[in-house]
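Predicted model, so just to flag it, every value in this text is computed and none were measured. Values below: every heavy atom of this structure, side chains too, minus hydrogens, waters and symmetry copies.
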Amino acid sequence: QCSRTVLWRQMRTIRQPSVHLVLPELLRQQVTRSSDHVAIIHGDDRWTYTVLYQRASALARHLSHIGVQSGEVVALTMERCPFLIAAMFG
């Protein structure tokens, strides 16, 4: 099971976002502000915002490559772990 993420705690301190921003954009902004800060702690693993962004982006590129269009719904079914969070951002 994933431990609580630092990401959510730190993102609560961000000013009220525009209603037009989506999760990937909020993550992009967080990477700009604190790229080397820890975003996820899971067991002995620690992912920075940069690592989280890279993993989410890689998944987004893969989905696009296999034909998933922007705005399409993609089901996620996996155990709670850092990769699940990356998938939610991707």
Side-chain angles (χ1 to χ4, degrees):
Q1 253 188 8
C2 288
S3 60
R4 291 193 177 258
T5 66
V6 177
L7 172 69
W8 300 116
R9 194 172 343 136
Q10 289 183 355
M11 291 199 58
R12 284 189 310 201
T13 63
I14 299 172
R15 290 185 197 158
Q16 288 294 324
S18 165
V19 295
H20 301 290
L21 295 178
V22 292
L23 276 178
E25 179 57 31
L26 290 173
L27 178 58
R28 216 172 290 119
Q29 289 177 8
Q30 190 66 27
V31 168
T32 301
R33 282 191 295 278
S34 51
S35 62
D36 292 331
H37 290 153
V38 175
I40 300 172
I41 300 171
H42 179 253
D44 293 334
D45 295 331
R46 285 174 173 38
W47 285 15
T48 63
Y49 286 102
T50 298
V51 170
L52 177 58
Y53 180 76
Q54 289 170 340
R55 302 264 167 93
S57 296
L59 176 60
R61 283 190 304 276
H62 173 72
L63 292 172
S64 178
H65 178 74
I66 63 172
V68 176
Q69 299 293 314
S70 179
E72 283 188 82
V73 175
V74 175
L76 299 175
T77 170
M78 55 195 316
E79 293 182 25
R80 289 182 162 191
C81 66
F83 291 101
L84 175 62
I85 296 170
M88 290 173 10
F89 279 100

**OP:** Output yes when a side-chain donor or acceptor of Thr50 lies under 3.5 Å from a complementary backbone atom of Ser35, and no otherwise.
**Re:** yes
Considering all heavy atoms of both residues, which atom of [X] and which atom of [Y] are nearest to each other, and what is their separation?
{"X": "Arg80", "Y": "His42", "answer": "O-NE2, 4.1 Å"}
{"X": "Thr48", "Y": "Asp36", "answer": "CG2-O, 3.5 Å"}
{"X": "Gly90", "Y": "Ala60", "answer": "O-CB, 3.3 Å"}
{"X": "Ala86", "Y": "Arg55", "answer": "CB-CB, 3.9 Å"}
{"X": "Val38", "Y": "Tyr49", "answer": "O-CE1, 4.0 Å"}
{"X": "Glu72", "Y": "Gly67", "answer": "OE2-O, 3.8 Å"}

Original post:
Taking it one step at a time, do Tyr53 and Trp47 satisfy side-chain contact (heavy atoms from CB on, under 4.5 Å)?
Top reply: CA-CA 10 Å; Tyr53 180 76; Trp47 285 15; over 6 Å; no
Subject >> From Ile85 atom CD1 to Leu23 atom CG, the distance as rounded to the nearest 0.5 Å >> reply: 11.5 Å
Original post:
How long is the gap from CG on Leu59 to CG on Leu63, to the nearest 0.5 Å?
Top reply: 4.5 Å
**OP:** Under the side-chain contact (heavy atoms from CB on, under 4.5 Å) rule, what do Ile40 and Asp45 come out as? Steps first, then yes or no, please.
**Re:** CA-CA 8 Å; Ile40 300 172; Asp45 295 331; over 6 Å; no
**OP:** May I ask you to test the Leu76-Leu84 pair for a side-chain heavy-atom distance under 4.5 Å?
**Re:** yes
**OP:** Is it possible for you to say whether Ile66 and Met78 belong to one hydrophobic cluster, with membership spreading through side-chain heavy-atom contacts below 4.5 Å?
**Re:** no
Subject >> Polar side chain donor-acceptor pair, Gln30 to Ser34, under 3.5 angstrom >> reply: yes
